[in-house]
Amino acid sequence: MNPPAYGSVRVVAEQRREPLIPNGVMGMLIFVVTEAMLFAGLISAFTITRSSAVVWPPPGQPRLPFEATALNTAALLASAAALIWARRCFDRNRRTARLPLAIAVLLGAFFVVSQGAEWLAMLRQGLTLTSSQLGSFFYVIVGFHALHAVVALAALVYTWVRLQRGWLASSQLGTAQVFWYFVAGIWPILWLVVYR
Amino acid sequence: MTAARSVRAASAGAVAVVLPRAAWACAVCTGQDDAAVSLAILKGTALLSLLPLALIGGLVWFLRRRAREIESARGAFREQESPR
Amino acid sequence: MAESIPVAPSPARAHDHEHPAEPGFIRKYLLSTDHKVIGLQYMFTGMAMALLGGFLAYVFRMQLAFPGIDVPLFGVVSPNEYNSLITNHGAIMIFWVAMPVLIAAFGNYLIPLMIGADDMAFPRLNRLSYQLFLVSALVLLASFFVEGGAFGGAWTMYPPLSASSEFNQTPLGTTLFICAVALEFVAFLMGGINFVTTTMNSRAPGMRMYDIPMVVWMIVLASILFMASVGPLVAGAVMLLFDHTLGTAFFDPQRGGDPILWQHLFWFFGHPEVYVVLLPAVGIVAEIITVFARKKLFAYKTVLYTAFGTGVLSFTVWAHHQFIAGIDPRMANVFTITTLLISVPIAEMMFVYIATLYGGSIQLATPMLWALAFIAEFLIGGVTGIFLGASGSDIYLHDTYFVLAHFHYTFFPIAIIGSFAAISYWYPKMFGRMLNETLGKIHFWGTVIPFNTIFIPLFVLGAAGEHRRIWDFAQFPELASEPLRNLDKVATVSLVIMLAFQAVFLFNFFWSLRRGQKAGKNPWHANTLEWTTESPPPHGNWKQMPTVYRGPYEYSVPGRDADFWPQNEPA
């Protein structure tokens with residue numbers, strides 16, 4: 001058992017802490033596990049409450065716009081696809097990632113804005129937080145998701161600004177990517193469970 | 001315990017688990033039909049119990065794959081790198 | 001160290017260059033991102049909360065043993081106050097003592113030192129984690145002073161008691177309680193992300209997976225369990241808060257809600273939580289018994305894999321808290337089986353520790369006494385759990401003092417004995433001086449003996465059918481018989497004796513800060529990396545970063561003069 005024959009001190013310093021994946025991405029992945037469990041808890045609560053209801057949606061309450069929200073869902077998924085495209089461009093040549101990243105931001109913003117419009121429409125139709133179990137769960141579950149979407153969108157805008165100024169590190173893009181994929185990936189499940 | 005007896009004991013246990021719920025004394029049953037809720041709770045339980053295992057398992061699998069990739073990429077340096 | 005590796009400049013160090021002078025009090029203690037300062041802050045906050053939790057226990061135990069008495073330092077206990085006292089005792093001891101001390105304090109202090117890193121992966125997130133934790137503790141304390149008093153619906157917060165101030169009569173106290181618990185979870189979420197990322201990414205060169213000391217593994221596994229289980233409870237806490245403040249009806253059966261739903265979400269977190277606090281204590285004991293038995297840990301990989309197994313199983317046992325809540329009896333059967341199964345990996349760990357002790361040259365220093373007490377006392381807690389895990393006997397024992405004695409026999413060894421073991425073992429590293437051995441032993445016996453005389457009578461009371469959460473047993477003539485009341489008095493007097501002995505510990509702790517014998521780098525002749533730096537370690541931990549050459553438990557290796565072999569010493 002001889003001590004290692006390092007080529008030079010510098011090599012050692014470089015090899016010293018080579019992370020499996022960058023700290024930010026790792027931390028975000030663990031955070032996403034927690035978040036996924038949060039939504040799993042909400043989904044299971046919703047399923048149990050819904051199964052014990054005699055009629056669904058509850059009397060006097062509007063049906064959720066399942067079909068109309070399909071467009072939003074498609075926009076969000078397209079935004080995630082644009083982000084995948086942005087990563088590919090980024091790895092080849094940073095500057096070419098500007099366009100796909102901008103598309104991802106715009107599609108994400110479209111999702112958030114049209115979800116907001118949908119909320120206003122539902123409020124007008126008499127679906128509020130306290131009007132029924134449907135309203136309570138709708139605003140809590142979709143509200144949680146909207147909160148995540150807004151924060152993730154802010155993160156995407158921040159990465160776009162950094163990219164524009166040439167400061168964006170690969171790990172920063174990776175961190176924003178993980179969070180945005182989570183927001184986009186959990187949405188179709190919520191849509192299928194809650195809206196139908 | 002012989003093999004046959006173990007098999008018999010195990011299958012008796014398995015049958016006990018899947019007996020219809022009417023066969024079990026129920027401490028707080030209300031008498032109304034709550035099969036749908038019961039099923040929903042079962043589903044929720046399964047989701048909550050298994051999802052974290054799948055998520056953590058997926059993360060560990062991803063990290064291990066990543067570690068292998070890095071290691072094979074650095075194969076030439078392997079001996080110098082490991083102090084043992 | 002043959003290899004001297006220059007430390008790469010890190011953000012923490014760059015920070016030092018900006019402030020070459022000794023930083024002021026605020027910068028050094030309130031805004032520090034140093035993992036050691038944050039760890040100690042967690043520890044001191046946890047100790048202060050433990051004193052408060054102990055005081056609450058003293059007040060309601062006095063009421064139980066001597067109903068209607070004017071309790072010294074408190075006064076007469078009303079039924080509502082009694083409920084607030086037991087609720088906050090439970091919540092404080094679990095969320096503000098066991099978790100901050102075992103996971104956050106020792107995780108922060110030990111992980112970077114034991115894996116050879118200069119700080120956490122996210123130092124500023126770490127800072128924020130402690131600040132949020134402090135806010136959560138202050139919010140909880142504030143709830144004692146608002147109108148109506150502190151929340152009194154038990155730490156499990158079952159609706160409808162918790163969902164409507166019509167029932168709990170503490171409109172503000174309940175809101176503050178739920179907010180405090182939620183804030184505390186966010187704080188530990190940040191801490192957990194930090195622990196896992198640091199351990200995965202910042203290990204010293206040469207430290208492979210099986211060279212990581214057991215306590216680091218255990219804290220990391222506990223963090224993972226915590227983070228994977230806390231989500232549903234955060235969801236439930238938000239729903240409960242909305243029920244209580246905004247008038248939704250998630251848990252109100254009259255308006256289509258389901259109170260059992262809360263138990264579902266709560267216990268999904270609540271049971272893994274037991275293993276979240278257990279695993280770090282098990283890791284601490286592993287470190288201590290190897291050092292004081294001068295023996296290699298028997299079957300390192302077995303301990304690690306059984307800990308993984310415990311983690312996997314811990315997600316599938318939680319419905320055993322609902323055996324009498326009307327769950328499907330078939331589900332109760334499955335959960336009985338998984339609950340009994342989880343005793344297998346835990347028992348395996350205990351056997352491994354006993355095998356480690358076998359044939360070792362055991363030194364009964366104070367840390368070792370605590371570690372041995374942990375094994376013995378936790379065993380009683382584990383064995384009595386079998387009766388509660390089996391759904392048949394649980395229906396009889398549910399919500400009696402038997403349950404209470406059982407989980408105190410698990411939580412007390414974990415949170416109190418485990419913390420004292422860790423504090424007495426790492427005190428020299430934290431403060432550079434030794435604790436007094438004689439005082440340490442007096443404190444040890446003065447804590448462990450009364451602990452048993454508190455809770456063994458409670459097993460008897462529980463088996464006799466005495467229900468928990470009853471303010472005054474005089475209203476239940478069949479439970480108010482003289483022998484049973486006398487057992488209650490034994491428990492209360494023991495508690496007072498145990499609390500009195502904590503003064504010995506506090507005196508020892510603060511006296512030794514200045515007057516203790518100087519410790520030097522490695523007073524226990526231990527192998528792990530934290531003992532290779534100064535005591536207390538400087539900012540950045542090492543002048544030269546260590547390189548790791550072997551596992552952490554190479555004690556009494558044949559053919560060597562010294563009976564220990566530090567991890568960073570080249571062959």
Side-chain angles (χ1 to χ4, degrees), chain B residues 9-10 12-68 70-71 74 77-84, chain C residues 2-3 196 200-201 204-209 211 221 224-225 227-232 258 260-261 263-265 267-269 272 308 311-319 322-338 391-392 394-395 398 547-550 568 570-571:
Chain B
V15 168
V17 169
V18 296
L19 269 183
R21 61 184 309 228
W24 296 97
C26 172
V28 283
C29 288
T30 52
Q32 73 194 37
D33 180 31
D34 54 357
V37 188
S38 189
L39 188 67
I41 288 189
L42 210 62
K43 278 188 198 160
T45 305
L47 175 73
L48 286 186
S49 300
L50 301 178
L51 185 65
L53 301 179
L55 287 171
I56 296 169
L59 196 57
V60 169
W61 173 81
F62 173 72
L63 288 177
R64 282 192 70 119
R65 203 188 62 171
R66 203 55 215 173
R68 291 229 182 89
I70 290 178
E71 220 154 89
R74 288 197 307 208
F77 296 94
R78 188 73 195 113
E79 279 195 297
Q80 297 165 2
E81 192 194 323
S82 169
R84 259 172 253 240
Chain C
E3 291 300 308
V196 180
M200 287 299 137
N201 282 353
M207 184 176 267
R208 303 187 301 191
M209 285 296 179
D211 299 334
L221 286 176
I224 294 174
L225 286 187
M227 287 185 293
S229 64
V230 78
D258 188 354
I260 302 294
L261 189 57
Q263 301 186 18
H264 202 58
L265 297 174
W267 286 116
F268 175 74
F269 163 79
F308 289 153
V312 169
L313 274 176
S314 75
F315 286 110
T316 59
V317 300
W318 49 279
Q322 294 166 264
F323 280 160
I324 69 157
I327 59 168
D328 192 324
R330 286 167 297 181
M331 203 158 100
N333 254 29
V334 173
F335 277 91
T336 297
I337 293 168
T338 52
S391 59
D394 181 67
I395 289 173
H398 183 87
T547 307
V548 171
Y549 297 93
R550 69 186 58 75
N568 68 334

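In what follows, chains carry the letters A, B, and so on, assigned in the order in which the sequence lines appear, proteins first and then strands, with residues in each chain numbered from 1. What you see is a predicted model, and the numbers here were worked out from it, not measured in a lab.
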Within residues 49-56 of chain B, residues adjacent to chain C where the heavy-atom gap is under 4.5 Å:
B:S49, B:P52, B:L53, B:I56
For the pair C:F268 and B:T45, evaluate side chain to side chain contact (heavy atoms under 4.5 Å, CB included) and give the outcome as yes or no after the intermediate values.
CA-CA 9 Å; C:F268 175 74; B:T45 305; over 6 Å; no
Chain B contact via C:F335 - side chain, backbone, both or neither, heavy atoms under 4.5 Å
side chain
Euclidean distance, B:R66 CZ relative to C:M200 CE, rounded to 0.5 Å
15.0 Å
Shortest non-hydrogen contact from C:M331 to B:L42?
SD-CD1, 3.2 Å
Part of C:I337 lying under 4.5 Å from any heavy atom of chain B
side chain
